[in-house]
Amino acid sequence: MILDSAPLLNLADSRILATLVDGVILVVGGGITPRDLVHRAYTSALDAGAHVLGATINFADTKADYYSSAYQQDTVENQ
């Protein structure tokens, strides 16, 4: 089962919920969420006693150089 909640930094409810589930996946807005906020959310989850499984990126710009070069290289190698 997957539960969705409000952002960790906005409400105490999210921190409480994070301790009651088996794991937490941080959802980050690619190119939107500043790195310091991601780090603060991660630290907040750990401080609350949550088990952070990882993160996923929403709104990633796959045409940006950072992403596209990795995808292009992978495509060329797999042909």
Side-chain angles (χ1 to χ4, degrees):
M1 178 183 307
I2 297 174
L3 300 175
D4 188 14
S5 72
L8 277 168
L9 298 177
N10 289 353
L11 298 170
D13 296 354
S14 300
R15 284 176 44 107
I16 294 167
L17 182 60
T19 66
L20 301 174
V21 296
D22 293 331
V24 172
I25 298 173
L26 298 174
V27 180
V28 178
I32 300 169
T33 309
R35 288 178 189 233
D36 64 312
L37 286 183
V38 175
H39 187 262
R40 282 180 40 208
Y42 173 74
T43 303
S44 176
L46 292 180
D47 289 347
H51 179 210
V52 179
L53 300 173
T56 185
I57 301 174
N58 274 350
F59 314 114
D61 181 4
T62 58
K63 296 190 186 330
D65 290 338
Y66 175 79
Y67 295 106
S68 63
S69 63
Y71 290 128
Q72 289 170 358
Q73 172 124 7
D74 184 49
T75 303
V76 170
E77 289 173 0
N78 289 328
Q79 287 184 357

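Residue L20 shares its hydrophobic cluster (ILVMFWY side chains chained together at separations under 4.5 Å) with I16.
Under the 4.5 Å side-chain contact rule for hydrophobic residues, L3 and V24 share a cluster. Two different hydrophobic clusters hold V38 and I32 under the rule that ILVMFWY side chains link at heavy-atom gaps under 4.5 Å. M1 and L17 fall within the same hydrophobic cluster, defined by Ile, Leu, Val, Met, Phe, Trp and Tyr side-chain heavy atoms under 4.5 Å apart, directly or through other members. In the hydrophobic cluster analysis, where Ile, Leu, Val, Met, Phe, Trp and Tyr join through side-chain heavy atoms closer than 4.5 angstrom, Y42 is grouped apart from I57.
Here the side chains of V27 and D4 are not in contact, with every heavy-atom distance at 4.5 Å or above.
Residues passing the side chain to side chain contact (heavy atoms under 4.5 Å, CB included) test with I2, sequence neighbours excluded: none. Not counting sequence neighbours, the partners of L9 by the side chain to side chain contact (heavy atoms under 4.5 Å, CB included) test are L37, R40, A41, S44.
Residue pairs meeting the side-chain hydrogen bond (donor to acceptor under 3.5 Å, both in side chains) criterion with at least one partner in residues 20-39, sequence neighbours excluded, do not occur; the list is empty.
Considering every non-hydrogen atom in both P7 and S14, the closest pair reads O-OG, 3.5 Å.
Note that OG1 of T43 and CG of L8 are 10.5 Å apart. Values are rounded to the nearest 0.5 Å. T19 OG1 to H51 NE2: the interatomic distance, rounded to the nearest 0.5 Å, is 14.0 Å.
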